[in-house]
Novice: 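Pasting a structure here, questions to come.
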Amino acid sequence: MAIIVPCLSPRNDMSSICDELVVWYGHARRDLPWRAPDVTAWQILVSEFMLQQTPVARVAPIWLDWVARWPTPSATAEASAADVLRAWGKLGYPRRAKRLHECATMIATEHDDQVPHDVEVLLTLPGVGSYTARAVACFAYQQSVPVVDTNVRRVVARAIHGRADAGNPSATRDMADVLALMPDDETAPVFSAALMELGATVCTARSPKCGVCPLRVCAWRAAGHPPPAIAPRPAQRFAGTDRQVRGKLLDVLRTSTSPVPREQLDVVWLTDTAQRDRALDSLLVDGLVEQTADGRFALCGEAN
DNA sequence: GTCCGGAAAC
DNA sequence: GTTTCAGGAC
């Protein structure tokens, strides 16, 4: 009698990879708060917003406070944009906070306060792109869809294709690769979480810990760990950029409970006044900061 | 393709 | 001091 147990019998390399990953994940997984069993789809969506370009260690405490304060989309939508920006704190890329607030409003008003299930619908939400839509569909709703972030792309590039990193090939191609590896059943979320976890903790960009990797077969290791084929793009710096200036300006406004006069903002960046003005203007354009009738500045939606 | 934060690891 | 990151919008 044939018993079909996807992912639990080493029929070939692919099911073997899945099997090894899931077993390893069972004991190596980090106990992250958004992985608890009673976490809602909305709270998972909040975690994915916060985790965009931001390490786990910095997200965890903010996320815990956030979901306790605003447990549902409607509760988040009812908060003022300014309070949302303050709660976001120094997580970085504050446009994400604004988009999360807009996303909450759209779900509350157009989706009956329920996070959509379908990837196509999720993709219509502000701040939700290819990765976040599929992460929610998979982790919140147990759908067997490929969840491909930078870490997953790197693992696939190495283990399957024998390359040091994802390189140029499109994320679409990587999604097809992951789809081929995935179990098409209720174990998909565990598989995807395991793949991401491997990329985050073992198969890391800088110094991969191949000595503790659970995969028996890895094309990159088999090929002798060849270096990246293309030179890595010159790293974006941070010191002295508009982003740093924006961060300093926004920090003043987050801290203040009342609108701030121009002079109080000017002092945070004295080395380049043109750059400072440009940064402030971009915050106004982004809808993160607004100017009061008397010419002072405040976080957007401060009065609401 | 470029822009958008911030902190921890080198 | 410099590099390194769990994306998305334009």
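Numbered from 1 within each chain, the chains take letters A, B, ... in sequence-line order.
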Novice: Which part of the nucleic acid, if any, lies within reach of S282(A) when heavy atoms closer than 4.0 Å are counted: base, sugar-phosphate only, or nothing?
Specialist: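 The residue S282(A) makes no contact with any strand.
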Novice: Considering every strand and a 4.0 Å limit on heavy-atom distances, what is the contact class for D149(A): base, sugar-phosphate, or nothing?
Specialist: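 It contacts sugar-phosphate atoms only.
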Novice: Between C1' on dC5(C) and CE on M196(A), what's the gap in Å once rounded to a whole number?
Specialist: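 The distance from CE of M196(A) to C1' of dC5(C) comes to 13 Å, rounded to the nearest Å.
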Novice: Could you identify which residues of residues 86-96 of chain A place a heavy atom less than 4.0 Å from some atom of DNA chain C, listed by residue number, or say none?
Specialist: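 Contacting residues: R95(A).
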Novice: Which part of the nucleic acid, if any, lies within contact of R99(A), taking any heavy atom under 4.0 Å across all strands shown: a base, the sugar-phosphate backbone alone, or nothing?
Specialist: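 If one applies the 4.0 Å heavy-atom cut-off, R99(A) turns out to touch the sugar-phosphate alone, with no base involved.
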Novice: Are W34(A) and W70(A) linked, directly or through other ILVMFWY residues, by side chains that come within less than 4.5 angstrom of each other?
Specialist: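 Yes, same cluster.
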Novice: Give the C-alpha distance, both sets of side-chain angles, the deciding distance and a yes or no for salt bridge (charged side-chain N to carboxylate O under 4.0 Å, His left out) between R154(A) and D165(A).
Specialist: CA-CA 5 Å; R154(A) 185 175 57 252; D165(A) 55 53; over 6 Å; no
Novice: Heavy atoms from C-beta onward define the side chain here; which of dG8(C), dG5(B), dG6(B) lies closest to that of R243(A)?
Specialist: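 Nucleotide nearest to R243(A)'s side chain: dG5(B).
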Novice: Reckon S130(A) touches a base, only the sugar-phosphate, or nothing at all at heavy-atom distances under 4.0 Å?
Specialist: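 Sugar-phosphate, no base atom in range.
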Novice: Can you tell me the distance, in whole Å, between the CG atom of L250(A) and the C1' atom of dG5(B)?
Specialist: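 It is 10 Å, rounded to the nearest whole Å.
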Novice: Name all pairs fulfilling the side-chain hydrogen bond (donor to acceptor under 3.5 Å, both in side chains) condition that reach into residues 104-115 of chain A, sequence neighbours left out, sorted by first residue then second.
Specialist: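 Only S74(A)-D113(A) qualify under side-chain hydrogen bond (donor to acceptor under 3.5 Å, both in side chains).
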Novice: According to side-chain hydrogen bond (donor to acceptor under 3.5 Å, both in side chains), does anything in residues 241-253 of chain A pair up with another residue at least two apart or in another chain? List the pairs.
Specialist: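 Every side-chain hydrogen bond (donor to acceptor under 3.5 Å, both in side chains) pair that includes a residue of residues 241-253 of chain A, provided the two are not neighbours, is Q236(A)-R243(A), D242(A)-Q275(A), D242(A)-R278(A), R246(A)-S282(A), R246(A)-D286(A), D251(A)-R254(A).
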Novice: Could you tell me the separation between the CG atom of D286(A) and the C1' atom of dG5(B), rounded to a whole number of Å?
Specialist: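 Atom CG in D286(A) sits about 13 Å away from atom C1' in dG5(B).
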Novice: Which sits closer to the 5' end of DNA chain C, L125(A) or L51(A), going by the nucleotide each is nearest to?
Specialist: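 Looking at DNA chain C, the more 5' nearest nucleotide goes with L51(A).
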Novice: Could you tell me whether E290(A) and R296(A) have a side-chain N and a carboxylate O separated by less than 4.0 Å?
Specialist: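 Judged by the 4.0 Å cut-off on N to carboxylate O distance, E290(A) and R296(A) do not form a salt bridge.
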Novice: Looking only at the side chain of D242(A) (C-beta and beyond, no hydrogens), which of the listed nucleotides dA6(C), dG8(C), dC4(B) gets closest?
Specialist: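 Side chain of D242(A) sits closest to dC4(B).
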Novice: List in numerical order all residues of residues 53-60 of chain A for which some heavy atom is under 4.0 Å away from an atom belonging to DNA chain B.
Specialist: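 Nucleic-acid contacts, sorted: Q53(A), T54(A), R58(A).
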Novice: Under the salt bridge (Lys or Arg N to Asp or Glu O under 4.0 Å) definition, can you give me all pairs with a residue in residues 191-212 of chain A, not counting sequence neighbours?
Specialist: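 Qualifying pairs: R30(A)-E197(A), R35(A)-E197(A).
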Novice: Starting at NZ of K98(A) and ending at P of dC3(B), how long is that distance when rounded to a whole Å?
Specialist: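 Value for this atom pair: 22 Å.
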Novice: Whole angstroms only, please: what is the CG-P distance between L253(A) and dG5(B)?
Specialist: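 These atoms are roughly 13 Å apart.
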Novice: Hey, does A239(A) reach any base, or is it just sugar-phosphate, or nothing, if we go heavy atoms under 4.0 Å?
Specialist: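 Nothing, no nucleic acid heavy atom in range.
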Novice: In terms of hydrophobic clusters joined by side-chain contacts under 4.5 Å, are I62(A) and L51(A) together?
Specialist: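 Yes, I62(A) connects to L51(A) through the hydrophobic network.
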Novice: Of F238(A) and R30(A), whose nearest nucleotide on DNA chain C comes first from the 5' end?
Specialist: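 First, find each residue's nearest nucleotide; the 5'-ward one identifies F238(A).
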Novice: Please state whether the phosphate of dA6(C), meaning OP1 or OP2, lies under 4.0 angstrom from any side-chain nitrogen or oxygen of R154(A).
Specialist: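 True: R154(A) side-chain N/O within range (under 4.0 Å) of dA6(C) OP1/OP2.
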Novice: Calculate the interatomic distance between M50(A) atom CE and dG6(B) atom P; express it in whole Å.
Specialist: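 It works out to 15 Å between those atoms.
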Novice: Test salt bridge (charged side-chain N to carboxylate O under 4.0 Å, His left out) on D65(A) and R69(A) and set out the steps.
Specialist: CA-CA 6 Å; D65(A) 290 343; R69(A) 184 175 180 185; over 6 Å; no
Novice: Would you indicate which nucleotide in dG7(C), dT4(C), dA6(C) comes nearest to any side-chain atom of R206(A)?
Specialist: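 Looking only at heavy atoms from C-beta outward on R206(A), the closest nucleotide is dT4(C).
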Novice: Atom CG of L21(A) and atom CZ of F191(A): how far apart are they, to the nearest 0.5 Å?
Specialist: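 It comes to 6.0 Å.
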Novice: Which pairs with one or both residues in residues 123-137 of chain A pass salt bridge (Lys or Arg N to Asp or Glu O under 4.0 Å), sequence neighbours excluded?
Specialist: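 Of all non-adjacent pairs touching residues 123-137 of chain A, none passes salt bridge (Lys or Arg N to Asp or Glu O under 4.0 Å).
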Novice: Taking CG from D174(A) and P from dG7(C), how many angstroms apart are they, rounded to a whole number?
Specialist: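 From D174(A) CG to dG7(C) P: 14 Å.
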Novice: Could you give the distance separating dG8(C) and dA7(B) at their P atoms, to the nearest angstrom?
Specialist: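 My reading of the P atoms in dA7(B) and dG8(C) gives 23 Å.
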Novice: What integer distance in Å separates L123(A):CG from dG8(C):P?
Specialist: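 The distance from CG of L123(A) to P of dG8(C) comes to 9 Å, rounded to the nearest Å.
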